[in-house]
Amino acid sequence: MPMIKVLVVDDSATVRKIFSTELDKYSDIEIVGTAPDPYVARDKIVALKPDVITLDIEMPRMDGITFLGKLMKHFPLPVIIVSSLTKAGGALSVEAMEKGAVDVIGKPGEAYTVGDMSEQLAQKIRAASRVDISRYARRGGAPASAQQGVRKKLVSRSLAETTNKILAIGASTGGTEALKDVLTSLPRNIPGTVIVQHMPPNFTTAFADRLNGLCEFEVREAKDGDRVIPGLALIAPGNYHMLLNRSGANYYVQVKTGPMVHHQRPAVDVLFKTVARYAGANSLGVILTGMGKDGADGLLEMKNAGARTIGQDEKSCVVYGMPKAAYDIGAVEKVMSLDNIPAGILNTFASQK
């Protein structure tokens with residue numbers, strides 16, 4: 001298996017050293033160079049031809065967002081954004097994802113130990129190396145008008161009664177854009193919706209705020225005890241698991257810490273397994289693009305409990321990992337392209353009336 005060549009671009013000498021030391025532990029990853037700013041990075045990209053770049057946002061001489069835009073236009077490569085775990089860092093990271101970055105990770109600190117960060121970064125690098133970045137970069141800039149047409153067509157198909165139904169969605173690499181495509185194509189009275197997208201703390205806050213401004217319904221980061229009701233989508237906060245629970249006829253979420261599952265917190269499996277337990281046949285599970293197998297076991301438990309299930313197809317995935325793992329164990333009832341998933345969600349709930 002060929003080595004994955006990585007260039008680390010960060011103005012912090014400490015971060016460059018930590019990343020180089022930690023990633024050197026993995027036999028399939030090679031740090032071919034580091035750069036303190038985009039100008040040095042530009043020359044090293046030409047000379048070293050890396051497969052993946054890790055990119056800091058806040059750097060001297062040229063910020064990471066500006067450099068990312070130039071890179072995607074002239075020399076597209078898979079980019080993983082490395083950002084501080086702050087509200088501002090989260091907002092900038094969401095902007096970077098919209099400009100073509102494949103994934104995002106927070107710098108090690110209070111939320112993540114160096115060990116946790118190391119394993120997550122290695123997984124993200126492996127996932128990023130598999131992305132067809134020319135297709136992904138084009139997708140990030142092209143389909144606005146087409147998506148608006150799809151959205152207008154679908155949101156007019158308002159659902160009738162959605163009480164006591166649950167929509168559960170899990171995603172990872174490539175999921176921020178996939179979730180945007182799906183959610184902006186759904187009507188204002190969607191069933192209560194719970195979502196796990198693998199992201200660090202504060203990044204999920206910014207991501208939820210971004211979606212809230214685009215969707216017909218309310219989208220926000222979940223808080224412990226929030227009720228799950230029609231017209232509301234709750235996104236699991238970074239570094240916390242989100243679980244579904246029920247009190248009488250009312251669903252609510254629990255937000256809590258705990259061990260990482262599949263090296264992730266939040267983990268899709270943690271959410272899906274509680275949806276299977278408390279919502280069962282009143283739920284629909286959707287698994288979108290992402291590296292690894294998080295969510296596969298939980299989606300199977302949902303299906304076995306009577307839930308309907310949808311998996312994104314290989315062609316429309318940025319990384320066909322999580323949906324494939326779910327499909328391989330029989331957890332996926334329907335395989336659908338990303339463009340068709342919104343209609344699939346509406347049709348599924350319409351048939352459950």
Side-chain angles (χ1 to χ4, degrees), residues 1-6 23 26 28-29 50-55 68 72 76-82 93-94 96-105 119-140 143 169-182 195-200 203-204 207 238 260-269 272 285-299 309-329 331-332 335-341:
M1 179 181 294
M3 298 281 279
I4 303 169
K5 298 185 293 182
V6 178
L23 291 174
Y26 300 95
D28 58 335
I29 297 173
D51 300 307
V52 178
I53 296 173
T54 70
L55 179 63
L68 178 65
M72 288 301 163
L77 284 169
V79 173
I80 298 170
I81 292 295
V82 182
S93 297
V94 170
M97 302 288 277
E98 293 176 343
K99 288 183 177 292
V102 173
D103 214 330
V104 60
I105 191 168
E119 181 60 39
Q120 286 196 14
L121 182 57
Q123 285 198 340
K124 290 177 186 291
I125 286 170
R126 294 182 186 112
S129 71
R130 301 176 186 179
V131 174
D132 180 352
I133 195 62
S134 60
R135 181 173 68 87
Y136 185 64
R138 286 197 304 271
R139 179 187 177 280
I169 306 176
S172 187
T173 310
T176 56
E177 292 300 295
L179 280 166
K180 182 174 73 174
D181 288 352
V182 170
I195 299 166
V196 166
Q197 163 69 48
H198 295 158
M199 293 183 90
F203 295 45
T204 43
F207 180 51
M260 289 190 173
V261 176
H262 302 294
H263 305 290
Q264 300 295 336
R265 188 173 54 233
V268 181
D269 261 338
F272 280 3
V286 179
I287 193 159
L288 301 176
T289 175
M291 175 76 171
K293 61 181 183 179
D294 185 24
D297 291 340
L299 196 69
T309 62
I310 294 173
Q312 188 177 347
D313 71 350
E314 181 174 7
K315 186 176 181 180
S316 65
C317 277
V318 173
V319 178
Y320 188 54
M322 287 162 49
K324 181 181 188 299
Y327 177 83
D328 287 346
I329 63 172
V332 175
V335 176
M336 307 184 78
S337 70
L338 183 63
D339 287 344
N340 291 330
I341 286 175

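Predicted model, so just to flag it, every value in this text is computed and none were measured.
The shortest side-chain heavy-atom distance between Thr176 and Val94 does not fall under the 4.5 Å cut-off. Residues Val196 and His198 meet the side-chain proximity criterion, which asks for heavy atoms closer than 4.5 Å. Proximity of Glu314 to Val335: side-chain heavy atoms (C-beta onward) are nowhere separated by under 4.5 Å. Within the 4.5 Å cutoff, side-chain heavy atoms of Pro50 are placed close to those of Leu77.
Taking Asp297 as the reference, Asp269, Lys273, Ile329 meet the side chain to side chain contact (heavy atoms under 4.5 Å, CB included) condition, with sequence neighbours excluded. Applying the salt bridge (charged side-chain N to carboxylate O under 4.0 Å, His left out) rule to Lys293 yields no partners; only residues at least two apart in sequence or on another chain are considered. Residues that satisfy the side chain to side chain contact (heavy atoms under 4.5 Å, CB included) test with Arg126, not counting sequence neighbours, are Ile4, Tyr26, Asp28, Glu119, Ala122, Gln123, Met291. Take Lys324 and apply the side chain to side chain contact (heavy atoms under 4.5 Å, CB included) test, not counting sequence neighbours, and it matches Tyr320, Asp328. For Thr309, the side chain to side chain contact (heavy atoms under 4.5 Å, CB included) test picks out Leu299, Lys303, Glu333, with sequence neighbours left out. Evaluation of the side-chain hydrogen bond (donor to acceptor under 3.5 Å, both in side chains) rule for Lys5 yields no partner, not counting sequence neighbours.
Defined by atom type and a distance below 3.5 Å, a donor-acceptor pair is missing between the side-chain atoms of Asp313 and Ser337.
Interatomic distance, Ile341 CD1 to Met336 CE, rounded to the nearest 0.5 Å: 7.0 Å. Distance check: Ile80 CD1 to Ile125 CD1 gives 5.0 Å after rounding to the nearest 0.5 Å. Note that CG of Leu23 is 4.5 Å distant from CG of Leu121, once rounded to the nearest 0.5 Å. Asp132 contributes atom CG, which lies 13.5 Å from atom SG of Cys317 (distance to the nearest 0.5 angstrom). Taking OG from Ser172 and CE from Met199, the interatomic distance works out to 10.0 Å, rounded to the nearest 0.5 Å. Rounding to the nearest 0.5 Å places CZ of Phe207 at 9.0 Å from CD of Glu98.
In this structure, the side chain of Gln312 engages the main chain of Ser316 through a donor-acceptor pair within 3.5 Å. No donor-acceptor pair closer than 3.5 Å links the side chain of Thr289 to the backbone N or O of Gly175. A donor-acceptor pair under 3.5 Å is absent between the side-chain atoms of Gln197 and the main chain of Thr204, judged by distance alone.
Of all the heavy atoms in Ala171 and Leu179, the pair that sits closest is CB-CD1, 4.3 Å. Looking at every heavy atom in both residues, Asp51 comes nearest to Pro78 through O-CD, 3.2 Å. For Val319 against Pro323, the heavy-atom pair with the smallest separation is O-CD, 4.4 Å. Phe203 and Ser93 get closest at one heavy-atom pair: CE2-OG, 3.2 Å. Taking all atoms of both residues into account, the shortest heavy-atom contact from Ile81 to Ala96 is CG1-CB, 3.6 Å. Scanning both residues, Gly238 and Pro266, for their nearest heavy atoms gives CA-CD, 4.0 Å.
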For this session: Output, in order, the C-alpha distance, side-chain angles, deciding distance and verdict of side chain to side chain contact (heavy atoms under 4.5 Å, CB included) for Asp294 and His263.
Result: CA-CA 9 Å; Asp294 185 24; His263 305 290; over 6 Å; no
